[in-house]
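Heads up, the thing below is written out as structure tokens.
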Amino acid sequence: MERNIFEKILGQESLFIDRRAFDHAFEPDKLPHRGGEVDALVRNLVDALNGHIPSNMLLYGVPGSGKTVVTRYVLSQLLDKGEELGEPVFSYEINCRNIDTKYRVVQNIASQLSQRGDAPIPFTGWPTDRVLDTLVKRMDREGGVHIIVLDEIDNLVARAGDGILYNLTNLNTILKSSRCCIIGISNDLHFTQHLGPRVSSRLSQEDLVFHPYGAAQIQDILEDRAKTGLRQNSIGNGVIELCSALAASEHGDARRALDLLRISVQKADQEGHELVSPPHVRLAQSQLEYDQVTPVLRTLPLHQKLVLFSIKLNEENGLRNISTGEVFRTYSDACLKISVEPLTPRRISSLLNELDTLGLIMARNVSKGRGGRSKQVNSAVPRGIDVISTLSDSEALVAQASEEKYALQSRL
DNA sequence: TGTCCACTGGAAGGGAGGGCTT
DNA sequence: AAGCCCTCCCTTCCAGTGGACA
């Protein structure tokens, strides 16, 4: 009889003991090389246990420099201690990449505070002030200290302005039987420039900068995780060093290093090797690039696809550093070919900025004197990924285009 | 030194879509 | 059903800009 198709893999020996050690959300027992940052947070947040209001804080640092993990680590201990001392502490972690409007932020926190019998707050429909009102009532009902962590706060400010931060930093003047503290986490050191002076001074009462990890520090982190998550003696010479060096060369991102090591181990597992070696890391590196980019390419909205397609098409024809105007002309032609109404040049300019933020293109502003000021655009998709076929082969593009046409026709 | 180009990017607002309240 | 509210995607308008060139 045929064996079950899962049996072969299930029975296979793996180099992993605990895969979770490589999760981004994994909370290790100790945080190497972040003692100073932990201390700074603890010194401030201890006020929550003394009946005072902790200062609002802003944590800065490049991605993967430990901001989020340090905050979680400190907060989980704070919550435990609060419970022990009978000083209730509540914490809310909001990722402002997804939750990026005033309404959604307030709705999210208030919903986390809902009890049985509370009316659910819809994800749209209520006036924001009403949601804010509900939040204040619920916070006061619970009492204690409420710590609101706004991860990627720069994204929230870019999308929704600083109005929400004004409301949140103002909460303590409205709250009667509870207190509130904001911790903002940002990748962008200069994001407070986009804040009004009142919000800025209230929010950044204490700033903390997380410096990128160096290769040696990343190495320590990887060694710790390998001890927890992998079988003994499963890592070959130079593997951890290579992972650390690759991640350190990309602005010291510890998450990237963990991903690299995890995928390297998977590769060794797949090949049935007992030992992970540097070639596995190289394989992991290219897979990581591929895995990061292709889903983004596939899920781009139609017009962004067409813009990127136009840039790539120019590059295939040997044209690099093309201007916004050139992109727009190629893009308009592409639209014509698939009978889609092109967007305006102004919109294309914004789409170029969005593609730049996504890291799919490199755009920089240049002035050519009488030739005018414009962007100089190049694709930034790693080599080895065939953008044009990923974008144009996909039936999705055709489907998207006809959907667009249908929507247009039904409007006319 | 002023002009001019080809844009940039902020601001305001339209309109469709999803949802709540009365 | 009508009146609101919020979000998203987009357009329109326009002041501002860096630097080559006359």
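The analysis underlying the following values was restricted to heavy atoms, covering all of them including side chains, and did not include hydrogens, waters or symmetry mates. Letters A, B, ... mirror the listed sequences (proteins, then strands); counts begin at 1.
Residue A:R346 contributes atom CZ, which lies 11 Å from atom C1' of C:dC14 at whole-angstrom precision. For the pair A:Q376 CD and B:dA6 P, the computed distance is 16 Å after rounding to whole Å. The separation between A:Y103 atom OH and C:dC5 atom P is 13 Å, rounded to whole Å. We find that CG of A:D133 is positioned 19 Å from P of B:dC20, with the value rounded to whole Å. Going from atom CG of A:N98 over to atom P of C:dT7 covers 15 Å, rounded to whole Å. For A:L132 and C:dC5, the CG to P distance is 16 Å, given to the nearest whole Å. C:dC5 atom P lies 18 Å from atom CD of A:Q107, rounded to whole Å. One can place CZ of A:R130 at 12 Å from P of C:dC6, the figure rounded to the nearest angstrom.
The shortest distance between the side-chain N/O atoms of A:S323 and the OP1/OP2 oxygens of B:dC7 is below 4.0 Å. For A:K375 and B:dT8, the shortest distance from a side-chain N or O to OP1 or OP2 is below 4.0 Å. Contact annotation: A:T324 reaches the phosphate of B:dT8 (side-chain N/O to OP1 or OP2, under 4.0 Å). The shortest distance between the side-chain N/O atoms of A:R373 and the OP1/OP2 oxygens of C:dA20 is not below 4.0 Å. Considering only side-chain N and O atoms, A:T124 lies nowhere under 4.0 angstrom from the phosphate OP1 or OP2 of C:dC5. Here A:R347 reaches the OP1 or OP2 of C:dC10: one of its side-chain N or O atoms lies under 4.0 Å away. OP1 or OP2 of B:dT8 lies within a sub-4.0 Å distance of a side-chain N or O belonging to A:S349. Contact check, A:N365 against B:dA6: no side-chain N or O comes under 4.0 Å of OP1 or OP2.
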- Given the rule in the side-chain contact (heavy atoms from CB on, under 4.5 Å) test, do A:L165 and A:R202 qualify, once you have shown the distances and angles that lead to the verdict? CA-CA 9 Å; A:L165 298 180; A:R202 276 199 222 161; over 6 Å; no
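Of all heavy-atom pairs spanning A:Y213 and A:H33, the tightest one is CE2-CB, 4.4 Å.
Panel note: side chain A:N95, backbone A:R97; a donor-acceptor pair is recorded below 3.5 Å.
The side chain of A:W126 lies closest to B:dT21 when the candidates are B:dT21, C:dC8, C:dT12. Nearest nucleotide to the side chain of A:T101, out of C:dC8, B:dA6, C:dT11: C:dC8. Closest to the A:T128 side chain, of the nucleotides C:dC6, C:dC8, B:dG9, is C:dC6. If you check C:dC10, C:dC8, C:dC6 against the side chain of A:D100, the one that comes closest is C:dC8.
Here A:S350 lies out of heavy-atom contact (under 4.0 Å) with every strand.
Using the six-membered ring where Trp is involved, A:Y92 and A:H146 have ring planes that are parallel, under 30° apart on the 30 and 60° scheme.
Using a 3.5 Å distance cut-off with no hydrogens or angles, the side chains of A:N56 and A:T169 do not pair a donor with an acceptor. Side-chain contact, A:S350 with A:R346: a donor N or O sits under 3.5 Å from an acceptor N or O.
A donor N or O paired with an acceptor N or O is not found under 3.5 Å between the base of C:dG18 and the side-chain atoms of A:R370.
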